Each structure stands twice: as C-alpha cells, then as structure tokens.
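Scroll down for the structure; my scribbles are underneath it.
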Number of protein chains: 2
Amino acid sequence: MLIRTPAELGAVLRDRRKKLKLDQSTFAKRIGVSRQWVIEVEHGHARAELGLILRALDALDIRLDAGTEQAPAREAARPAVDINAIVAKARKKKA
Amino acid sequence: MLIRTPAELGAVLRDRRKKLKLDQSTFAKRIGVSRQWVIEVEHGHARAELGLILRALDALDIRLDAGTEQAPAREAARPAVDINAIVAKARKKKA
DNA sequence: CGTGGATGTCATCGAGCGATGACATTTTAG
DNA sequence: CTAAAATGTCATCGCTCGATGACATCCACG
C-alpha cells in the first residue's frame, strides 16, 4: 500500500491492528503511547511524531519501504551533472 | 530502502535532496518548512511531524510503501481466537 | 587571499502534541 | 434487551516542536 497522507497511514495501522485482534488500549501499551494517541493517529492525525509512528508500524510488523520511484514526475530525476540547476540557483535573485 | 528509524529516513531524504541538486534552503521553501527543520530531520529527528515528513518525501518524489507480508514473524498473523492477547489484557497489573 | 554558498549551532517564543482520566457513544455478546 | 467492551470525545497541563534570525565553520573558486 502506498502511503501519501497521514490518513492513509492511519488506515493501514487500523486495519493491521484489527487483523491482529488487538484493541486500542493493548496496542497503545505495546508501543508505549496513550490510547488517545492511537485514536488520533488512526484518524489521520497529521502532526503525530515520526518516532512513535515508526514504533507503531514495527509493533504491527508493517515494513516501510522508501523508493525513489521511476515515475516521470517533473524533471531532474536523472543524475549526472545538472548545469541548468546550478545556473538556475546561481541566477536566483529571490523575490 | 527499508525505513526503520528516523535516522534512516533522514539519510534517505538527504541523499535524495543532494541527487536533485537542492540546497537545504530551497528544499525547505519547497515543502514549506524552515531550514532548521530540514537540518534536524536529516539528522534523524525522531519527533518530527508526520505530515511534514510526507510532504518532504513527496517533494523529492520518494514513494513510501507499507507492506505487511514478507516476514514470517512470530504468529498471530492468522485470525482465529487469540487467547494470549485476552489473558494478557486481563492480567494487566501495572500500578 | 577573500567572497559567497552551504551547512550547522544557538537562543527565543508561541503553539500544539501527547498523557491522563472521566464520560459518551457504539459495537459485540449472552 | 442488557451488560460489557471497544471506541470516541472533552478538558487540562507540561513540554517540546518548528519558526526565526544571528552567527560560526567549511569549502569551492576566481
């Protein structure tokens, strides 16, 4: 599952928690946070702490993979010397 | 790359940022945070906000994938009644 | 040599997280 | 239906995040 937003992450956590038959209280204690935290995160709380999130994922055996995808996003996805970028930045006279 | 800790996440962000030839200031502005934030996150700041982290990843075209398969972890991956969990909760001693 | 860019450090400060505990609502089981 | 469990909501509070701006290094380059 691709994670793009806090809400998606929350959904993944909730589904996984339920599959493991854990209630919020048990889950919270297992990762060392309050039940309130679990509730908010499962609801997509955007400002949750990264460290706690990673602990939660680990507790549920969910692995996170960061891929520098190959999507033809914008540009500059290619390595190699990027003269343009350098010049552009140098030429940057800001607002 | 598997992400298990804030430090690993920070390393991924830094590497990717450099590959795209962006300096911290430009990167920070692009995702709407302070340069200080970029510095701390790249150094593995564990309490960074989830939402900002996701924005940073997106800005660098790094996709996050949450996978549940793969590890033949312990057990309990299967539904069915989980006596242990039930007992453990009932046994909650803690002060 | 010295100028400028990039990165890291420090201090300050307002804002919101996360903990806690009580209570409300929803769901599950008998 | 009824009781209990699970989940959601509220209010309070200490603590630290993240922003800002000033400096300090370090390094590439002319």
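Below, read A as the first sequence line, B as the second, and so on, with proteins coming before strands; counting in each chain starts at 1. On a predicted model such as this, the values are computed, not experimentally measured, just so you know.
Atom-to-atom, NZ of B:K18 to C1' of C:dG5 comes out at 13 Å; the value is rounded to the nearest Å. As a whole-Å value, the separation of A:H43 NE2 from C:dG18 P is 15 Å. The interatomic distance linking A:L52 (CG) with C:dG16 (C1') rounds to 15 Å, in whole Å. Distance, A:L20 CG to D:dA6 P: 15 Å, rounded to whole Å. As rounded to whole Å, 15 Å separates atom C1' of C:dT7 from atom CZ of B:F27. Rounded to an integer number of Å, the gap from CH2 of A:W37 to P of D:dT9 is 17 Å. If you take NZ of B:K21 and P of C:dT7, they are 12 Å apart, rounded to a whole angstrom. When the C1' atom of C:dG18 is taken as reference, atom CG of A:L50 falls 15 Å away, rounded to whole Å.
The side chain of B:A48 sits closest to D:dG18 out of D:dG18, C:dG8, C:dA19. With D:dC10, C:dG18, D:dA19 as the choices, the nucleotide that has an atom nearest any side-chain atom of B:S34 turns out to be D:dA19. Residue A:D23 has its side chain nearest to D:dT7 when only D:dT7, D:dT9, C:dG18 are considered. Checking D:dT20, D:dT7, C:dG8 against every side-chain atom of B:Q36, the shortest atom distance belongs to D:dT20. Listed nucleotides C:dG16, D:dA19, C:dT7 differ in distance to A:R47; the shortest reach to its side chain belongs to C:dG16. Closest to the A:R35 side chain, of the nucleotides D:dG18, C:dT7, C:dA22, is C:dA22. Nearest nucleotide to the A:Q24 side chain, out of D:dG8, C:dA19, D:dG21: D:dG8.
For D:dT7, one of the phosphate oxygens OP1 or OP2 lies less than 4.0 angstrom from a side-chain nitrogen or oxygen of A:R17. For D:dG18, one of the phosphate oxygens OP1 or OP2 lies less than 4.0 angstrom from a side-chain nitrogen or oxygen of B:H45.
At a threshold of 4.5 Å between non-hydrogen side-chain atoms, the residues B:R14 and B:Q24 count as touching. By the 4.5 Å heavy-atom criterion applied to side chains, B:I53 and B:E49 are not counted as neighbours. Looking at heavy atoms from C-beta onward, A:F27 lies in side-chain contact with A:L60 at the 4.5 angstrom threshold. Annotation: side chain of A:H45 is in contact with side chain of A:R47 (closest heavy-atom distance under 4.5 Å).
Residues B:R14 and A:V33 both approach DNA chain C. Their nearest nucleotides, taken by heavy-atom distance, put B:R14 toward the 5′ side. Positionally, the nearest nucleotide of DNA chain D for A:I39 lies more toward the 5' end than for the other of B:V38 and A:I39.
Heavy atoms of B:E49 sit under 4.0 angstrom from primed sugar atoms or phosphate atoms, though from no base atom.
With rounding to the nearest 0.5 angstrom, the CZ atom of A:R63 is 12.5 Å from the CG atom of A:L57.
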